[in-house]
Amino acid sequence: MPERAVAAQEPRHRDADSEGEAPRDRREEAARRALGARRDQKGYRLRQSDPHVHAAPVPADQGPSHGGGDRQRRGRDGRQPRALHQGVPALGPGPRRVMSDDANEIVQQRRETLEALRARGIDPFGGRYPVTHWARRLAERLGAASEDELKGFGPVSLAGRIVSKRHMGKACFAHIQDQTGRIQLYARADALGDDYACFTDLDVGDFIGVTGEMMRTRTGELTVAVKSFTFLAKALRPLPEKWHGLRDVERRYRQRYVDLIVNADARAVFLLRSRIIARLRAFLEARGFIEVETPMMQPIPGGAIARPFVTHHNALGMDLYLRIAPELYLKRLLVGGFDRVYEINRSFRNEGIDTQHNPEFTMLEFYQAYADYADLMDLTEEMFTDLAQSLLGRLALTWGEHAIDLTPPWRRLAFFDGVSAALGMTVTPETPAAPLAAAARARGIDLGAVRGALGDVPPWKLWKEVFEALVEPTLVLPTFVIDFPIELSPLAKKKREHPQLVDRFELFVGTRELANAYSELNDPIDQLGRFREQAALLARGDEEAHWLDEDYVRALEYGMPPAAGEGIGIDRLTMLLANQQSIREVILFPHLRPEGRADAPEAP
RNA sequence: GAGCCGUUAGCUCAGAUGGAAGAGCACCUGACUUUUAAUCAGGGGGUCCUGGGUUCGAGUCCCAGACGGCUCACCA
């Protein structure tokens, strides 16, 4: 199998050379001159001194004998050439920060190399390359192999990005990196012939395909002895430093592609995230759940309490909201007869941005008919331990300064027990507001924030405030907070034995809420009543109230099986398993303000 | 939205008290056929985030702004 694949993919530049007959020599001659130009740059630059060469804009990809040399000379005589450069109309006054290093010396040199390759008939941006092996698989398979095994292994073809290069005269070492990792290449002048010069002219950052035999160097490193190679993509910009990588946090987020190239730990985080999601799907599918997709643009943003993003549909002439939760649609599917459904996708909340919040975030929501919230506590313990065990191989995690053991069973703390302990008094739904407020104030809670425009503070706002301020910060080990007051849960089922509480839990790990679940309210009359209470709050100007969704009530009127539903924040779950403190470290492209100067006009 | 901190070469970072912008890596030239952050010799490279101000003189001091980070506030 490897033999055939290799035979089929001789290096492209060879093909190109042998296709041309008469022009071949001329092309090679041109290429030699062009490649030589780079080496002779210094002399060339010294010869060129005529200032008028700056007057005309030079195409960005101009060959080495035109644009490159004189542009490089620019910095030498101070600011004047830069002013001329700014005067070039094509570049304009737009936001230049993103592209400002076009004039950089290294970029210019690489453009020249690129043109030299083209002049030689080589396509620097290649095409398909039949890959037979990946770097890490080779290391896994041959890491401990004997010399004889390596010799008998046969040819391998890999493709990837050159991430380091050590030129040693008539031999040259490099590492290429593919999706799985890195492997060393060893190129020899006697093995590559004319192509050797091409190999040593490769820049760190270039993509190549390479074919060769496996070997081990004197220092024991598994290495591909290069027999042939082909250009797949030329890199015009230099990579960050090999030793420190890219440290600037802003650039790591804005240019995640560079972060992923040079920072292996960043790559590992997103690989883990991908595996978490795949494992969750497998976990749910194995239990009979089916994956569905429900609207992200909704006429009524429901299922949670949050400020939505508004967008507009032109043809319909109507505003739509980016969903704040998929909940109400997933429960419509329970009505429709899908007993176990789940969705893994984005929700959007138009609220603050910090280390725990991104405007768009990924949630797993799942619903199981004929189950209740206690079933989901068991399921959640299973799910989390399955993830940790299968992906990390352990249940004992480190998260920042915290040691977190996921071994079940997890603590279960009733909401009012938590509030009572925090305030040093017995608190129930019947406790009057006045002594509650006094006790909260005595513990340093600022009640001004909850009073708002509503005048007197309803007791449940006090409970919530006390819980968030005094209880949540203590919930480091996995804890199910259970039995919430009904006022905080307009979509949850009442407890039979205590109708002022609902069958609900929130899972806290490392003081952060990771999951929220309840036995779903399936009584349409009760649901309509609670929606109306919420609507009244909305009408009084309380933004923290739920919208009334009449079609959802109508759906319940057809009958929804008793069910339990749960939402799990995938970003936060990933943070926990990857030991990351900022949500931006687990989102590939977190939201940032646009880069560039505010006073620069927008590009047309 | 508030407070604190940061922004200097492609990258990572130094630049007391205001007085001619530096290092390492990367890059270029040369040497080097099993190197490992290869080594050795030589060389080039700067809008010190932007705009004002103070000063004989500003990377440094003052004011305003941009972007980012961290703490708050809001939330998941």
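Note that these values count all heavy atoms, side chains included, but never hydrogens, waters or copies made by symmetry. As the structure is a computational prediction, the values presented were derived from the model and not from experiment. Residue numbers start from 1 in every chain, and the chains themselves are labelled A, B, ... in the order their sequence lines are given, proteins ahead of strands.
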Q: Can you see whether A/Glu520 engages A/Tyr518 through a side-chain donor-acceptor pair at a distance of less than 3.5 angstrom?
A: no

Q: Tell me: CH2 of A/Trp243 to C1' of B/C13, nearest whole Å?
A: 16 Å

Q: C1' atom, B/U17 versus B/U12: distance in rounded Å?
A: 28 Å

Q: Using a 4.0 Å heavy-atom cut-off, does A/Asp354 contact any base of the nucleic acid, only the sugar-phosphate backbone, or nothing at all?
A: base

Q: On RNA chain B, nearest-nucleotide positions of A/Gly169 versus A/Thr355: which is more 5'?
A: A/Gly169

Q: Would you indicate, yes or no, if B/C11 has its OP1 or OP2 atom less than 4.0 angstrom from a side-chain nitrogen or oxygen of A/Lys242?
A: no

Q: Should A/Ile583 and A/Thr355 count as side-chain neighbours, where that means a heavy-atom distance under 4.5 Å?
A: no

Q: Can you tell me, in whole Å, how much space there is between the C1' of B/A14 and that of B/U60?
A: 14 Å

Q: As a test of reading the structure: which of B/G69, B/U12, B/U35 is closest to the side chain of A/Arg166, going by heavy atoms?
A: B/U35

Q: Picking from B/C32, B/G10, B/C67, which would you name as closest to the side chain of A/Met168?
A: B/C32

Q: Expressed in angstrom and rounded to an integer, what is the separation of A/Asn350 atom CG from B/A73 atom P?
A: 20 Å

Q: Once you apply the 3.5 Å cut-off to both distances, tell me the Watson-Crick or G-U wobble partner of B/U60, or none.
A: none

Q: Measuring from the side chain of A/Ile106 (C-beta onward, heavy atoms only), which nucleotide among B/G69, B/A76, B/G10 has the closest atom?
A: B/G10

Q: Reckon A/Ile305 touches a base, only the sugar-phosphate, or nothing at all at heavy-atom distances under 4.0 Å?
A: sugar-phosphate

Q: Using whole Å, what does the distance between atom C1' of nucleotide B/A76 and atom CZ of A/Arg572 come to?
A: 4 Å

Q: Quantified in whole Å, what is the C1' atom distance between nucleotide B/G15 and nucleotide B/A76?
A: 44 Å

Q: Between B/G45 and B/G22, how far apart are the two P atoms, rounded to whole Å?
A: 12 Å

Q: Which nucleotide, in any strand shown, forms a Watson-Crick or G-U wobble pair with B/G6, with both distances under 3.5 Å?
A: B/C67

Q: Please tell me whether A/Glu343 and A/Thr294 have a donor and an acceptor in their side chains that are separated by less than 3.5 angstrom.
A: yes

Q: Please classify B/A16 as syn or anti, treating any glycosidic angle within 90° of 0 as syn.
A: syn

Q: Quick check for you: among B/A76, B/U12, B/U35, whose closest atom lies nearest to any side-chain atom of A/Arg349?
A: B/A76

Q: Would you mind checking if A/Arg256 and A/Asp259 are paired as a salt bridge, meaning a charged N to carboxylate O distance below 4.0 Å?
A: yes

Q: Answer yes or no: is there an ion pair linking A/Lys234 with A/Asp203, defined by an N-O contact shorter than 4.0 Å?
A: yes

Q: Do the side chain of A/Glu241 and the base of B/G24 come within less than 3.5 angstrom through a donor-acceptor pair of N or O atoms?
A: yes

Q: What distance, rounded to whole Å, do you find between the two C1' atoms, one in B/U39 and one in B/U34?
A: 15 Å

Q: Separation of A/Arg237 atom CZ from B/A9 atom P, in whole Å?
A: 15 Å

Q: Do A/Gln184 and B/U35 share a donor-acceptor pair, side chain to base, under 3.5 Å?
A: yes

Q: Any ion pair linking A/Arg346 and A/Glu360 (charged N to carboxylate O, less than 4.0 Å)?
A: yes

Q: If you look at every strand shown and take non-hydrogen atoms under 4.0 Å, does A/Arg584 touch a base, only sugar-phosphate, or nothing?
A: sugar-phosphate

Q: Checking A/Arg166 against A/Gln184: is there a side-chain donor and acceptor pair closer than 3.5 Å?
A: yes

Q: Whole angstrom is fine here: how far is it from CG in A/Asp190 over to P in B/C32?
A: 15 Å

Q: Searching all strands shown, indicate the nucleotide that pairs with B/A20 (Watson-Crick or G-U wobble; both distances under 3.5 Å).
A: none

Q: To the nearest Å, how far apart are A/Glu401 CD and B/C70 P?
A: 15 Å

Q: In terms of side-chain heavy atoms of A/Leu246, which of B/U12, B/U35, B/U34 is nearest?
A: B/U12

Q: Return yes if the base of B/U33 and the side-chain atoms of A/Arg188 contain a donor-acceptor N/O pair under 3.5 Å, otherwise no.
A: yes

Q: Between the base of B/C27 and the side chain of A/Asp203, is there a donor-acceptor distance below 3.5 Å?
A: no

Q: If we count only N and O atoms by modelled type, under 3.5 Å, do the side chains of A/Tyr186 and A/Arg188 hold a donor and an acceptor together?
A: yes

Q: Write down the distance between CD1 (A/Ile353) and P (B/A73), rounded to a whole number of angstrom.
A: 17 Å

Q: Does B/C32 have a Watson-Crick or wobble partner in any strand here, with both distances under 3.5 angstrom, and which is it?
A: none

Q: Measuring from the side chain of A/Glu105 (C-beta onward, heavy atoms only), which nucleotide among B/G45, B/C11, B/G68 has the closest atom?
A: B/G45

Q: A/Arg254 side chain: which of B/G68, B/U12, B/C70 is closest?
A: B/G68

Q: Between B/G44 and B/A9, how far is it from one C1' atom to the other, in whole Å?
A: 11 Å

Q: Which residue lies toward the 5' end of RNA chain B, A/Glu506 or A/Ser582, if each is placed at its nearest nucleotide?
A: A/Ser582

Q: Between A/Arg504 and A/Glu506, does any side-chain N to carboxylate O distance fall below 4.0 Å?
A: yes

Q: Please tell me if A/Arg251 has a side-chain N or O lying less than 4.0 Å from either OP1 or OP2 of B/U7.
A: no

Q: Under 4.0 Å, heavy atoms only, any strand: does A/Asn358 hit a base, just the sugar-phosphate, or nothing?
A: base

Q: Quick one: look up who B/G1 pairs with, Watson-Crick or G-U, both distances under 3.5 Å, and put none if it's unpaired.
A: B/C72

Q: For B/A37, which nucleotide is its Watson-Crick or G-U wobble mate, given both distances must be under 3.5 Å?
A: none

Q: Please confirm whether the shortest side-chain N or O distance from A/Arg216 to OP1 or OP2 of B/U35 is below 4.0 Å.
A: no

Q: Mind calculating the distance between CG (A/Leu202) and P (B/C28) to the nearest angstrom?
A: 12 Å

Q: Determine the Euclidean distance between corresponding P atoms of B/U7 and B/U50; express it in Å to zero decimal places.
A: 13 Å

Q: Taking atom P in both B/C70 and B/C28, what distance in whole Å separates the two?
A: 37 Å

Q: Is there a donor and acceptor pair closer than 3.5 Å between the side chain of A/Arg218 and the base of B/U34?
A: no

